[in-house]
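A short worksheet on the structure shown next.
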Amino acid sequence: MLQIIIFLAVFIALIFPMGKYLYHIALGKHTFADPVFDRVDNGLYRVCGIDRTKEMNWKQYVFAMLATNAIMVLVGYLILRLQSLPIFNPNGIGGMEPTLSFNTIISFMTNTNLQHYSGESGLSYLSQMMVIIFMMFTSAATGFAVCTAAVRGFSGRTKTFGNFYADLVRITTRVLLPLALLVGLVLVSQGVVQNLSPNVTVQTIEGSNQDLAMGPMAALESIKHLGTNGGGFLGANSTTPFENPNVLTNMIEMLSMMILPGACVVMFGLMVRNRKKETEKANAIEKKVLFGSEAKPIFAVMLTIFIVGIAVCFGAEQAGNPALAQVGLDQSMGNMEGKEMRFGIAQSSLFTTVTTAFTTGTVNNMHDTLTPLGGMVPLMNMMLNLVFGGKGVGLLNMVLYVILTVFICGLMVGRTPEYLAKKIEGKEMKLAALGIIIHPLLILFFSALAVAVPAGLAGITNPGQHGLTQVLYEFSSAAANNGSGFEGLADNTYFWNITTGLAMFFGRYLSIVIILAIASSLMMKQPVSESIGTLRTDTRTFTIALLMVVLIIAALTFFPALILGPIAEHMTLWS
């Protein structure tokens, strides 16, 4: 438990300087790295014909984002279908089947990285580099660009959202590429594989032969965690020593997942601070501000749910499996089924909670072998989809709940709801309600479809409650753009490839359009003066109200499904 506490302290210490750096990038302010990156960015602008001074409204921003993503999807799909060509393909991997190619390209373009294939046998090195790693950068940069544009709208600093292409370039060159290079070098120093050699066949000490996968693993590992992408070069993901050799790399990979989403909340707080502090005389004070007051309730609610999730998962796994205890197996070490001995219960439980709270999707243990309550924690993280989340995803989803909370509390005290000095009216509430409803609708609709049609039932390999949990987990992972798998599903079929692909697509882009529309609506409104009756959104009372709204909405939405799945399985196992 001590290692978990120290780890969380390191995380909190790191997000403040990183949040300040992101704040400067989002507003185009001076940073220490400008002399180098300005030249790189300007070169890219010239090559791509980008006019970075052209400002966009929210519709233009959305169109630019969708068009750019669509072109990358088309090119990536063609590469996957033609990867059998002898180009960076020393292992002779064949082309991907059409529905699997569709699922894979949607998965990586939406920052989900759900894998219905094993990387070492399903992808050539060309596909790993030109499709997987490339889209890990661009999908993460896309999400962060949308987040910064939306926060610009909420802050009311300008009447435009900036330029999508400029945001995409700046985030890639100034944040993702340098950090990925740094983390990649550290991983290589610890033994993570990085080469273009064909697979190696070795003789084991038992005398049999074994193929060892080679390839550019460290390059993928660094950006898959920093970009909250997930997936893995190998089918076994970060449980393997080739991707995650020791406890040090395990901690580095977790911090890589956490630092940028956590820093996004800090950036939000700095960008929407009280306008009274935005004067020239306040510049000296501004340098000392670490955390904007409006971000404190959001961060507190996220951190509270996250810590509770760690405690529940750790406690459930440490308690062990009573069914194994009944047959005489010692459970003093806890439930070690599906876990690596070098990580143990603490590191496995922490990694499980981190990877689903920060919507990364990488795994260092088999989630299918978690205890029912231990498995419910990652499932709930994805169902909520607002516990930090990926690149700005959790922040923007939490803002929807903030708007809902402001509306409810405002009505309770007889005040017109206001947020960030802007009135919350019918249009914003309709869009916020739609944004909140879409996520559970995708999960529950596709889960119901899977257990109602033969093609869906054919993929379920476990009977009863555990089989239902598998289905819920798969579509929660897809809709939340998480990508981790409960495993056990026979999911490489037409039904599962197409349905999860649709869930990933709508889960990503519908929420983006809605949140930018809300930000645009608020941006165009005139600010209202604060009065004695104004509901403050930076207090402890509002923090508690926000937490209650999140839990009540989640409970009403998902509790019936959880009762039939992990909770019923837990009661059966411990009865």
Side-chain angles (χ1 to χ4, degrees), residues 1-8 115 118 187 190-192 221 224-225 230-258 306 309-358 360-382 461-462 466 469-470 473 477 482-489 566 569-570 573-574:
M1 185 59 72
L2 178 61
Q3 59 184 300
I4 294 177
I5 295 174
I6 295 174
F7 178 80
L8 292 177
Q115 293 177 285
S118 291
L187 293 179
Q190 295 300 305
V192 178
E221 287 298 301
K224 93 170 183 181
H225 292 109
F233 191 96
L234 307 175
N237 214 286
S238 288
T239 62
T240 63
F242 279 11
E243 289 195 20
N244 191 9
N246 51 53
V247 173
L248 176 60
T249 58
N250 197 60
M251 302 283 273
I252 291 172
E253 291 181 3
M254 284 190 288
L255 284 173
S256 298
M257 296 183 231
M258 300 167 72
F306 178 58
I310 294 174
V312 172
C313 188
F314 178 79
E317 297 306 303
Q318 190 64 59
N321 188 332
L324 296 179
Q326 290 175 5
V327 298
L329 296 178
D330 184 14
Q331 294 294 291
S332 60
M333 291 181 63
N335 175 38
M336 287 299 294
E337 182 186 5
K339 295 180 178 61
E340 284 290 308
M341 291 295 295
R342 65 186 190 277
F343 299 139
I345 296 295
Q347 290 284 320
S348 297
S349 301
L350 181 59
F351 201 101
T352 296
T353 309
V354 167
T355 193
T356 48
F358 292 81
T360 305
T362 184
V363 296
N364 77 343
N365 65 93
M366 182 61 69
H367 289 189
D368 190 38
T369 62
L370 293 168
T371 60
L373 291 186
M376 189 174 72
V377 170
L379 183 59
M380 277 300 301
N381 282 339
M382 295 184 296
T461 58
N462 283 282
H466 197 80
T469 305
Q470 284 181 320
Y473 195 102
S477 180
N482 180 269
S484 65
F486 208 61
E487 303 310 334
L489 279 175
E569 186 181 5
H570 171 79
L573 189 64
W574 285 88

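Keep in mind the model is a prediction, meaning the values are calculated, not measured. Values reported hereafter were calculated over all heavy atoms of this structure, with side chains retained and with hydrogens, waters and symmetry mates removed.
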### Task
For Pro245 and Arg342, work out which heavy atoms get closest and say how close.
O-NE, 3.2 Å
### Message
Please check: side-chain N/O of Thr355 versus main-chain N/O of Thr362, any donor-acceptor pairing under 3.5 Å?
### Response
yes
### Message
On a heavy-atom basis, which atom in Ser238 and which in Glu253 lie closest, and how many Å separate them?
### Response
OG-OE1, 3.3 Å
### Query
Rounded to the nearest 0.5 Å, how far apart are CE of Met333 and CD1 of Ile345?
7.5 Å
### Query
If you round to the nearest 0.5 Å, how far is CG of Asn365 from CD of Gln347?
11.0 Å
### Task
State, without any angle test, whether Asn364 and Glu340 hold a side-chain donor-acceptor pair at a distance under 3.5 Å.
no
### Task
Tell me whether the centres of the aromatic rings in Phe233 and Phe242 are closer together than 6.0 Å.
no
### Query
Nearest heavy-atom pair of Gly374 and Ala316: which atoms, and what distance?
N-CB, 3.6 Å
### Message
Using modelled atom types and a 3.5 Å cut-off, is there a donor and acceptor pairing between side-chain atoms of Glu243 and backbone atoms of Leu234?
### Response
yes
### Geometric class of the His225/Phe351 ring pair [parallel <30°, tilted 30-60°, perpendicular >60°]
perpendicular
### pair Pro566-Leu373: side-chain heavy atoms closer than 4.5 Å
no
### Query
Looking at side-chain heavy atoms only, is the closest gap between Phe343 and Thr239 below 4.5 Å?
no
#### Entry: Gln115 side-chain N/O to Gly232 backbone N/O, donor-acceptor pair under 3.5 Å
yes
### Message
Can you tell me how far apart OG1 (Thr371) and CG (Asn335) are? Round to the nearest 0.5 Å.
### Response
6.0 Å
### Query
Hey, are the side chains of Thr353 and Phe306 touching, using non-hydrogen atoms and a 4.5 Å cut-off?
yes
### Summary
One should read off an interatomic distance between Leu329 CG and Asn321 CG, to the nearest 0.5 angstrom, of 9.0 Å
### Query
Should we count CE of Met380 as having more than 12 external heavy atoms under 6.0 Å?
yes
### Task
Could you pull out the closest heavy-atom pair between Gly485 and His367, with the gap in Å?
O-CB, 3.9 Å
#### Entry: Flag side-chain contact, heavy atom, 4.5 Å: Lys339 against Leu370
yes
### Inter-residue atom distance Leu8.CG - Met258.CE, 0.5 Å rounding
6.0 Å
### Task
Report the distance from atom CD of Gln470 to atom CG of Asn462, rounding to the nearest 0.5 Å.
4.5 Å
### Query
What closest approach, in Å, do Glu221 and Val192 show between heavy atoms, and which atom pair accounts for it?
CG-CG1, 4.4 Å
### Task
Check for a donor-acceptor pair, side chain of Asn237 on one end and backbone N or O of Gly231 on the other, with a separation under 3.5 Å.
yes
### Query
Should the ring pair Tyr473 and Phe486 be called parallel, tilted or perpendicular, given that the plane angle runs from 0 to 90° and is split at 30 and 60?
tilted
#### Entry: Audit row: Val354, Thr360, side-chain contact (heavy atoms from CB on, under 4.5 Å) steps and yes/no
CA-CA 8 Å; Val354 167; Thr360 305; 5.9 Å; no
### Any side-chain heavy-atom pair of Asn381 and Asn482 under 4.5 Å
no
### Task
Compare every heavy atom of Cys313 with every heavy atom of Val377, then report the nearest pair and how far apart it is.
CG2-N, 3.8 Å
### Query
Do Ser256 side-chain atoms and Ile252 backbone N/O form a donor-acceptor pair below 3.5 Å?
yes
